[in-house]
Number of protein chains: 2
Amino acid sequence: MSNLDQIAKLSGFSKATVSRVLNHSPHVSQATRDTIMKIMEELDYVPNGNAISLSKGQTEQIGMVTEGINEVMLPFLNSFVETASQHGYQTIIYTSGGDPAKELQAFEDMRRKRVDALVISTCVNDQALLGTFCKYGPIVSWQRMERPEIQSVAMNQYDGYMLGLEHVIKQGYTRIANAFGRPTSMNTSGRIQAYQDIARKYALPVNPDWSPTGIYSIRQGEQLVRELLLNPGERPNAILCANDLVAAGVLNEARRMGVKVPEELAVVGFDNTELAHTLGITSIYNPIAAQAQNAFLLILSRLKGTEPEQQELEFQLVKRATT
Amino acid sequence: MSNLDQIAKLSGFSKATVSRVLNHSPHVSQATRDTIMKIMEELDYVPNGNAISLSKGQTEQIGMVTEGINEVMLPFLNSFVETASQHGYQTIIYTSGGDPAKELQAFEDMRRKRVDALVISTCVNDQALLGTFCKYGPIVSWQRMERPEIQSVAMNQYDGYMLGLEHVIKQGYTRIANAFGRPTSMNTSGRIQAYQDIARKYALPVNPDWSPTGIYSIRQGEQLVRELLLNPGERPNAILCANDLVAAGVLNEARRMGVKVPEELAVVGFDNTELAHTLGITSIYNPIAAQAQNAFLLILSRLKGTEPEQQELEFQLVKRATT
DNA sequence: TTGAAAGCGTTACCAA
DNA sequence: TTGGTAACGCTTTCAA
């Protein structure tokens, strides 16, 4: 493997000049540039990325921290990787599997200069602790954060959830159950707030058993339906879900139990993924890919010290066969 | 930010000794180690990852090359990231979006020493070209490869597909259609071979229109069903699909058209993802997560020069409501 | 426009 | 067990 030193020696110029050619500096004569380029080609030269990173103090790599990769965050991940790559940045995946120590590894890696910045989705560590890492580089969160030092590209879940609530009420459903997600997240508290507000506004029957938290998966959705429908006492006639996976589980199990959807039970998903399309589930469109783009752009502006250019985003309700 | 030099000066020892403490060398007295460790803690010292990578000539990062991240490769990605992380390796995502130039970027990055190795799934560049990069580091493929220099953790698709074929035939279906995947992949040719063999064995009716290639997505599955069932002439009564996404599309559209599944049409998916479980689609279990583990272990053995420890894997048919 | 030399922060070899 | 010092391969500042 050839290096910059060899190119310099062979061409008769200094390392500095060769470096200038590499970095497209205008202060190199065309003749010199040509000579050096030719030799680079002959030797099949490629610059060593580690040396550049060490010298510059930047890696052009961004870490994405998450508990695990699932279908809901797929568009986020894809869009982020794509946008980053368009700007010459790479994305490193850090999955914690819910282990705080493992998650912290990603933040340590920013201190170690392995990544220039971090984008986080679901985090299990204390936010105050994570906030202390902000001095080592930009941290942007997909979820809404309590700590102001960690910027967020989250959208106001209150508005999105309200869209779903108003929709089912307009369709005549009143006994509304909610499968909420992570209990500690601000996304969830926004949704809970929306539900409370609308329950008060329309004087809906409220049953504490109808609003469990910590429901994320298909299986949990299936389980939830069994509990809600087999319980003695009044049944809900609409279920709003934390995401489309849960909605799929709910729909599936309800049908298996012989419950008619949407006649006896309305089901609303969230995120409007392909799954919702396939199964014909009414869902709330959440512009996730655009949020990922915003996340990268936010990081880039912090890295370059420029003004961030963000796009305005909004939720939309996509009505299908389950309501 | 403190560095190794400062630790050395403050402790009164040399950089070499400090480095030994960092790398848990046995040739350091306990007293020295304690002294140095204490100072490191006081200064909140962390080693610079780039400097280590440059010096060692290794980054402990592995690139994953793919056209895009979708539901089918999710378990592969998750399992790979997890396994790699257990061994102290990070995973960098390279998505090409089908652009050969972009895909090549990943391979260039291995030359540049940004990644120590590559794991590839679907590749759009010429395999002979990709093979030339083997001299820069290990390359392991998820798909079966024509080039022997690129190792593969693929399983013999012939066997897996045969499982599905024998199953539908045993259930009495004879007019079998196939939604094959990427036409140029060896995975697909293995499946085609299985179909041809079984068609001959049981003297099945073969219709060229019944075996299209290049079908990967839900939408394509929906489209395919329309073509197959609306065409004049004989209809197939079973469709084996390239993956569960396609099967979901097929099932969905068939039902929408009023075709009874499994009475009038059998549907078989591939990979046995959560989607197949949710929709009750018969599918062929493909131990994808274990393949990803094998892929990493193969890379690690090449990197360390040790003997690879691989686990034996096999397909299984999971019968559900669509056959 | 070009060059010399001092970083960047480690590791690894050879002596002591 | 420890230290001195040359790598590792590039960027950047200061002079010329």
Side-chain angles (χ1 to χ4, degrees), chain A residues 1-37 39-40 43-61 88 108-116 136-137, chain B residues 1-37 39-40 43-61 88 108-116 136-137:
Chain A
M1 294 282 310
S2 56
N3 61 21
L4 188 141
D5 208 30
Q6 292 175 30
I7 306 290
K9 293 232 169 68
L10 276 168
S11 67
F13 292 94
S14 68
K15 293 201 296 180
T17 301
V18 177
S19 175
R20 285 186 193 104
V21 171
L22 244 26
N23 293 284
H24 305 104
S25 157
H27 305 296
V28 185
S29 75
Q30 192 57 47
T32 304
R33 187 183 306 274
D34 291 343
T35 314
I36 292 175
M37 294 275 271
I39 295 182
M40 285 181 177
L43 295 201
D44 202 23
Y45 168 78
V46 278
N48 180 308
N50 294 130
I52 296 174
S53 294
L54 174 59
S55 192
K56 288 204 167 142
Q58 301 215 97
T59 54
E60 314 238 298
Q61 295 186 333
E108 283 297 339
D109 269 12
M110 188 158 71
R111 282 183 74 193
R112 299 175 175 237
K113 310 268 187 196
R114 295 219 68 145
V115 295
D116 295 340
Y136 303 115
Chain B
M1 293 281 310
S2 55
N3 62 20
L4 188 142
D5 209 30
Q6 292 176 30
I7 306 290
K9 293 231 170 69
L10 276 168
S11 67
F13 292 95
S14 70
K15 293 201 294 181
T17 300
V18 177
S19 176
R20 284 186 193 104
V21 170
L22 243 26
N23 293 285
H24 305 104
S25 156
H27 305 296
V28 184
S29 75
Q30 191 56 46
T32 305
R33 188 184 305 276
D34 291 344
T35 314
I36 291 176
M37 294 275 271
I39 295 182
M40 283 180 178
L43 294 201
D44 201 23
Y45 167 78
V46 276
N48 181 308
N50 294 129
I52 297 173
S53 293
L54 174 60
S55 191
K56 288 206 169 139
Q58 301 216 97
T59 55
E60 314 238 299
Q61 296 186 334
E108 283 297 337
D109 269 12
M110 189 158 70
R111 282 183 75 196
R112 299 176 174 235
K113 311 269 189 193
R114 294 218 70 144
V115 295
D116 295 341
Y136 302 114

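Treat the numbers as computed from the prediction; the structure is a model and nothing was measured. Here is how names work: the chains are called A, B, and so on, in the same order as the sequence lines, proteins then strands, and each is numbered from 1.
Per the geometry, NZ belonging to A:K9 stands 13 Å off C1' belonging to C:dA4, to the nearest Å. With rounding to whole Å, A:R112 atom CZ is found 17 Å from C:dC8 atom C1'.
Of the candidates B:L22, B:V28, B:V18, B:V18 is the only one forming a side chain to side chain contact (heavy atoms under 4.5 Å, CB included) with B:I36.
In terms of phosphate contacts, A:S14 brings no side-chain nitrogen or oxygen within less than 4.0 Å of OP1 or OP2 of C:dT2.
Contact check for B:I7 versus B:V21: no side-chain heavy atoms found under the 4.5 Å cut-off. Between A:N3 and A:N48 the shortest side-chain heavy-atom distance does not fall below 4.5 Å. The side-chain heavy atoms of A:Y45 and A:I39, taken from C-beta on, include no pair separated by under 4.5 Å. Looking only at side-chain heavy atoms (C-beta outward), B:R114 and A:T59 come within less than 4.5 Å of each other.
Annotation for A:A8 and A:S14: closest pair CB-C, 3.7 Å, computed over non-hydrogen atoms.
Within 4.0 Å (heavy atoms only), B:T32 reaches sugar-phosphate atoms of the nucleic acid but no base atom. At a threshold of 4.0 angstrom between heavy atoms, the contacts of B:V46 are confined to the sugar-phosphate backbone, with no base atom among them. Using a 4.0 Å heavy-atom distance criterion, A:G49 is classed as making no nucleic acid contact.
With a heavy-atom cut-off of 4.0 Å to chain B, the contacted part of DNA chain D has its first and last nucleotide at D:dT1 to D:dG9.
Closest to the side chain of B:N48, out of C:dT1, C:dT10, C:dG3, is C:dT10.
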- prompt: Reading nucleotides 11-16 of chain C from the 5' end, what letters show protein touch, with B for base, S for backbone sugar-phosphate only, - for no heavy atom under 4.0 Å?
  reply: BBB---
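Between B:Y136 atom OH and B:R111 atom CZ the span is 4.0 Å, to the nearest 0.5 Å.
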